[in-house]
Amino acid sequence: MQMLRIVLEPLLDKALTANGIHNQHWRSMLVRSREHDQGDLSLPCFPFAKELGKPPAEIAQMIAESLDSSDAIGEVNAVAGYLNVKANPVWLAEQVFLNAIRIGDAYGSKPANDEHILVEHTSANPNGPFHVGRARNAILGDTMVRLHRLHGNNVRAEYYVDDMGKQVAVLAWALKNLSASDVEQTLSDREPVNSKWQGKADHERVRWYQAAQAIRQDRADKEQIEADISKMVHASEHGDEAVLKSFEDAYQPVLDGMLSTLKRLGIDFDTFTKESMFVTNGDVSRLMKQFKTFDIHGVAENGAEFLDLGARGLKGKTEFFFRRGDGSSLYATRDIAYHMWKWQQCDRLINVLGEDHKLQAKQVGLTLAELGEKIPDVLFYSFIKLPEGKMSTRKGNVVYMDDLLEEAQAQAAAVVSDIHPEYTTEMVAEIAEAAGTSAVRFNIIKVSPDKGFTFRWEEALAFEGGSAPFIMYSHARACSIARKCAASGIDITSVLSEEATIPSEMPKGLVELLRTLCIHHDILAKAVNDRRPHLFANQLLQLATSFNAFYRDCMILQDGELNVFNFQISELARDLMRCSMEGLGILPVEQM
RNA sequence: GGACGUAUAGUGUAGUUGGAUAUCACUUUGGCCUUCUAAGCCGAAAACCCGGGUUCGAAUCCUGGUACGUCCGCCA
């Protein structure tokens, strides 16, 4: 609780000095109380024991007794060697009314500061529909974008389009050379496209890609095919505009299909940057020339070139190849050109990458350092697998995001119409869509990114306990109260601007809500700075839980009588829930 | 083989710049709707991979194992 810490530290400093403790190390020992019932901040006094020659319990007691009082401090106690300080609930309520808990908005409409942040995420090859594994990147990335905006930063969400190289070439070759019947014949042993997704280009065109992959292995003229594809790859890497255009015609509808899936999850991008740009504008060849001048530059037998990053501390395979024997560039080379370009337009750079990119990111980082550039922050995440094992389109062991969202919507609709038979079909569909997509996002974001994750339908579609609908429900309940007040003829605007009397005695649920409100911003800052969005997801669950406790203990409208203070707190909490939900991509519907 | 990451109740998960009685949810189980939305609330049971070390104090740090994941392409 930062706001309490600011008040407490000078008082503690004085009390500690008075008791003969002079080193300043204690500041880092003052931590959030582990025993929530005991306090908000705690100071373990064990390290002072040696210095003072007294038992820790006694020292804690001495400090407690010599601590000056303050409006901010409610209780001070010394237990088992710990000095516990609890904030005064009345003071917390004052802080809340003074707007100390305000956070920004998730749409970045009015950034509070001038720090420009570029978040690059997703950047999936445009060759097929998203499965839930690939979607972890998009959900993490979009959440980082939203949380940074909530934190007041100026953020750009960027998708790096892999518009050259072998994967796109294979897709382009297939669309040009294979008929629909060729494709269906080749893939006769696989599941057909779900009829629901017919006409959605990511689902349809991936069949061409898959058929081409099969044909490249088996067909009699496979060497000719390979040569054709190589020729296209080679041309693209030398910036051949006709070939790049044919690639674009092949992948763009696929990419559009993929983006419509993300759109359903509330995920948008500000800019799309094509990889080929760095070839056609000459950045890549300039970069390769510059690499030649480095003292860690090396040449292989066939003329391929590399940097020996072993000299810069890289372990294992230390040669980082940036140029093939035929003179063309590699993906990583272009990635470095891309990073230099990105650094020209932001103060901070965040890349969201799967753990399979760790080595590559290390190589890019070391090379950027060699070039005198800054190194980007990277948010790595571990993969999502299925109970049957690794997700693989080839083996048919895959769950498409489109299918998951449909199922989530359907199951949510069943719950809504069960609870509220009086709702119209349209209302049910709308609420179910919000609850379903929000639940899918939340179930992925609430888990620490570095933790492996096994996708299970029953967990992805859980709508109780620690889920998005649980949070949405608390918020909807707050909305319902406000509606009820308005309906009973209360002038909401004037009531909210009244100066309410803060009660000196508060029920437990109210105190808990105030304490939760007052650490909300601290947790947001930590989640953003440490790139750990799940911390904020857990805080939002805590906020919803605290609101439920407040709802239990504090009546707002009773026998037609409005409790102004309770209503103001309820509305503040409601607003904080709403913008926090938007920060995680949960839709704050007002009625459920 | 080498590098990196992960290991917490039956299940999933939080907590790791060392600190108290280890968080939350699901499951199991006992209660609460004639009062602002019960997708809710209150209670019970249940866990730090194994061995050593450092420390007043270790889930957290060091070390040695074990299990799982990822990488070790002139692919992207």
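What you see is a predicted model; the values in this text were computed from it and never measured. A note on names: the letters A, B, ... follow the listed sequences, proteins ahead of strands, and every chain is numbered from 1.
Comparing the C1' positions of G64(B) and U54(B) gives an interatomic distance of 15 Å, to the nearest angstrom. Only the P atoms considered, A47(B) is 16 Å distant from G12(B), to the nearest whole Å. The gap from the P atom of A7(B) to that of C48(B) amounts to 15 Å, rounded to the nearest Å. Between A59(B) and U16(B), the distance separating the two P atoms is 14 Å to the nearest Å. Taking the C1' atom of each, C62(B) and A25(B) are spaced 34 Å apart, rounded to whole Å. Here, C41(B) and C49(B) have their C1' atoms 37 Å apart, quoted to the whole Å. Nucleotides C32(B) and A38(B) have their P atoms positioned 16 Å apart, rounded to a whole Å.
Summarising the base pairing, C56(B) is matched to G19(B) through a Watson-Crick or G-U wobble pair whose two defining distances lie under 3.5 Å. The partner of A39(B) cannot be assigned: no Watson-Crick or G-U wobble pair with both contacts below 3.5 Å exists in any strand. For U28(B), the paired nucleotide is A44(B), the pair qualifying as Watson-Crick or G-U wobble because both relevant distances are below 3.5 Å. Base pairing analysis places A14(B) opposite nothing; no Watson-Crick or G-U wobble pair with both distances below 3.5 Å involves it. Within the shown strands, nothing qualifies as a pairing partner of A76(B) under the Watson-Crick or G-U definition with both distances less than 3.5 Å. If you check G69(B) for Watson-Crick or wobble pairing at under 3.5 angstrom, you find it paired to C4(B). Remark: A9(B) base-pairs with no nucleotide in the shown strands. Criterion, Watson-Crick or G-U wobble with two distances under 3.5 Å. U63(B): Watson-Crick or G-U partner is G51(B), with both key distances under 3.5 Å.
Residues G325(A) and K315(A) both approach RNA chain B. Their nearest nucleotides, taken by heavy-atom distance, put K315(A) toward the 5′ side. Mapping S33(A) and E355(A) onto RNA chain B by nearest heavy atom places S33(A) at the nucleotide closer to the 5' end.
Note on H534(A): a side-chain N or O is less than 4.0 Å away from OP1 or OP2 of G15(B). OP1 or OP2 of A7(B) lies within a sub-4.0 Å distance of a side-chain N or O belonging to K451(A). Distances shorter than 4.0 Å separate none of the side-chain N or O atoms of R32(A) from OP1 or OP2 on G15(B). The side chain of K317(A) places an N or O atom within less than 4.0 Å of a non-bridging phosphate oxygen (OP1 or OP2) of C74(B). Listed pair R34(A) / U23(B) fails the phosphate criterion, with no side-chain N or O lying under 4.0 Å from OP1 or OP2. Distances shorter than 4.0 Å separate some side-chain N or O of K50(A) from OP1 or OP2 on C56(B).
Counted within 6.0 Å of NZ on K317(A), heavy atoms from surrounding residues, nucleotides or ligands total more than 12; the atom is thus considered enclosed.
Atom-to-atom, CG of L309(A) to P of C71(B) comes out at 20 Å; the value is rounded to the nearest Å. Atom-to-atom, CG of N529(A) to P of U17(B) comes out at 16 Å; the value is rounded to the nearest Å. With rounding to whole Å, K508(A) atom NZ is found 10 Å from C42(B) atom C1'. Atom OH of Y251(A) and atom P of A76(B) are 16 Å apart (whole Å). In this entry the distance linking CD of Q363(A) with P of G73(B) reads 9 Å, nearest Å. What separates CD1 of I384(A) from C1' of U70(B) is a distance of 15 Å, to the nearest Å. Between R532(A) atom CZ and U23(B) atom P there is a gap of 19 Å when expressed in whole angstrom units. The interatomic distance linking Y82(A) (OH) with G18(B) (C1') rounds to 10 Å, in whole Å.
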Using a cut-off of 4.0 Å between protein heavy atoms and nucleotide atoms, how would you tag nucleotides 34-40 of chain B 5' to 3' with B, S and -?
-> --BBSBS
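A donor-acceptor contact under 3.5 Å is formed by the side chain of N302(A) with the base of C74(B).
Residue-level contact check: K362(A) touches neither bases nor backbone, having no heavy atom under 4.0 Å from any strand. Nucleic acid contact class of L541(A) (heavy atoms, under 4.0 Å, all strands): none. Using a 4.0 Å heavy-atom criterion, one finds that E319(A) contacts no nucleic acid atom at all. Among the atoms of the strands shown, base atoms are found under 4.0 Å from some heavy atom of P47(A). Note on S467(A): nothing from the nucleic acid sits closer than 4.0 angstrom, heavy atoms only. Across all strands shown, A49(A) has no heavy atoms under 4.0 Å from either base or sugar-phosphate atoms. Base engagement by N84(A) is indicated by at least one non-hydrogen atom pair under 4.0 Å involving a base atom.
Side chains of T367(A) and L307(A) form a contact here, defined as non-hydrogen atoms less than 4.5 Å apart.
Ring pair F291(A)/F322(A) is perpendicular by interplanar angle, where above 60° counts as perpendicular and below 30° as parallel. Aromatic ring pairs are classed by plane angle as parallel below 30°, tilted from 30° to 60° and perpendicular above 60°; the pair Y423(A) and H420(A) is parallel.
Taking every side-chain heavy atom of E237(A) into account, A76(B) is the closest of A76(B), A20(B), G5(B). Looking at the side chain of E35(A), the nearest of the listed nucleotides U21(B), A14(B), C74(B) is U21(B). Nearest nucleotide to the side chain of R456(A), out of U70(B), G12(B), G15(B): G12(B).
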Step by step, work out the ring pair (Phe, Tyr, Trp, His ring centres under 6.0 Å) result for F547(A) and F550(A).
-> CA-CA 5 Å; F547(A) 183 81; F550(A) 164 74; 5.7 Å; yes
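A salt bridge is absent between K231(A) and D228(A); no separation between the charged side-chain nitrogens and carboxylate oxygens falls under 4.0 Å. Comment: R324(A) engages E237(A) in a salt bridge, judged by a side-chain N to carboxylate O separation of less than 4.0 angstrom. The residues D553(A) and K508(A) are annotated as not salt-bridged, no charged nitrogen and carboxylate oxygen being separated by less than 4.0 angstrom.
Between F46(A) and G19(B), a base-stacking contact is recorded: ring centres under 5.5 Å apart, planes less than 30° from parallel.
Relative to the ring axis of F48(A), K54(A) does not place its NZ or CZ within 45° and under 6.0 Å from the centre. Figure legend: R477(A) and Y551(A) shown as a cation-pi pair, the cationic atom lying under 6.0 angstrom from the six-membered ring centre and within 45 degrees of its axis.
Taking the six-membered ring for Trp and the full ring otherwise, Y82(A) and F46(A) have centroids separated by under 6.0 Å.
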